[in-house]
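A short worksheet on the structure shown next.
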Amino acid sequence: MTKGPPAYAWDWFARQRLLWREVRSRLASDTSPTGARYAAVDTRMDVVPMLRTDYPRDETVRATVDAVVAELVFLGRTDRRFAELGVRTAPRGMRWWWTALTGEVLDDPAVTGQRRPPPEPDQLTLDEVLGGYGDG
């Protein structure tokens with residue numbers, strides 16, 4: 001069984017109405033039992049939990065979700081580097097899907113699992129301390 005996307009990737013996916021509706025539409029048009037299940041639901045509250053459950057277990061669901069994300073989010077341009085897409089501030093959920101579809105590990109700590117170093121504390125000068133820096 002394949003491990004599915006993390007919660008933050010599903011949260012991002014669920015906020016993209018065009019994505020989950022297109023996935024549902026494609027699956028609902030299938031004549032398989034999976035297609036019948038997806039034909040019976042229509043709301044985000046029903047569709048997304050089903051996708052989250054089925055994605056790791058069902059190859060058809062996984063392939064459909066991946067294809068829709070690749071086509072609609074990345075415009076089918078998964079054959080290049082993420083930086084070439086021109087997305088300046090991509091949400092980490094979108095970045096996760098990119099890595100899952102292309103294998104390109106992005107330098108985002110949310111994707112790589114690395115922690116950002118804590119910010120350096122500001123060192124106050126003696127004049128700031130004597131002048132009551134921060135006292136108001």
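Please read these numbers as outputs of a predicted model, since none were measured by experiment.
- Separation of atoms CD (Glu104) and CZ (Arg81) is listed at 4.5 Å; rounding is to 0.5 Å.
- The shortest heavy-atom contact between Arg24 and Val41 is NE-O, 2.6 Å.
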Residues 31-39, side-chain donor-acceptor partners within the protein, below 3.5 Å, at least two apart:
unit_1, atom_1, unit_2, atom_2, d
Ser32, OG, Asp30, OD2, 3.1
Ser32, OG, Thr34, N, 3.3
Ser32, OG, Gly35, N, 3.2
Thr34, OG1, Asp58, OD2, 3.1
Arg37, NH1, Asp54, OD2, 3.1
Arg37, NH2, Asp54, OD2, 3.1
Tyr38, OH, Met50, O, 3.2
Tyr38, OH, Leu51, N, 3.4
Tyr38, OH, Asp54, OD2, 2.7

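- When all heavy atoms are compared, the tightest approach of Thr78 to Trp98 is CA-CH2, 3.8 Å.
- Cluster annotation: Leu85 is connected to Leu18 through the hydrophobic network of ILVMFWY side chains, with a link wherever side-chain heavy atoms come within less than 4.5 Å.
- No donor-acceptor pair under 3.5 Å is formed between the side chain of Ser25 and the backbone N or O of Arg21.
- Note on Glu71 versus Arg26: salt bridge recorded, some NZ/NE/NH1/NH2 to OD/OE distance being below 4.0 Å.
- The shortest non-hydrogen separation linking Val65 to Val23 is CG2-CG1, 3.7 Å.
- Ion pairing between Arg62 and Glu59 holds under the 4.0 Å rule for side-chain N and carboxylate O.
- Heavy-atom minimum distance, Gly93 versus Trp12: CA-CB, 3.8 Å.
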Quick one: do Thr102 and Phe82 satisfy side-chain contact (heavy atoms from CB on, under 4.5 Å)? Show the steps, please.
CA-CA 9 Å; Thr102 66; Phe82 186 79; over 6 Å; no
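- Arg52 is linked by a salt bridge (Lys or Arg N to Asp or Glu O under 4.0 Å) to nothing, counting only residues two or more places apart in sequence or in another chain.
- Taking CG of Asp79 as the reference point, atom CD of Glu84 lies at 8.5 Å (rounded to 0.5 Å).
- Looking at Trp10, Phe74, Tyr8 one by one, the single match for ring-ring contact (aromatic ring centres under 6.0 Å, His included) with Trp97 turns out to be Trp10.
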Take Val47 and Asp42 through the side-chain contact (heavy atoms from CB on, under 4.5 Å) test and state the conclusion after the steps.
CA-CA 7 Å; Val47 173; Asp42 194 33; 5.9 Å; no
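- Note: Leu106 CG to Arg92 CZ = 13.5 Å, rounded to the nearest 0.5 Å.
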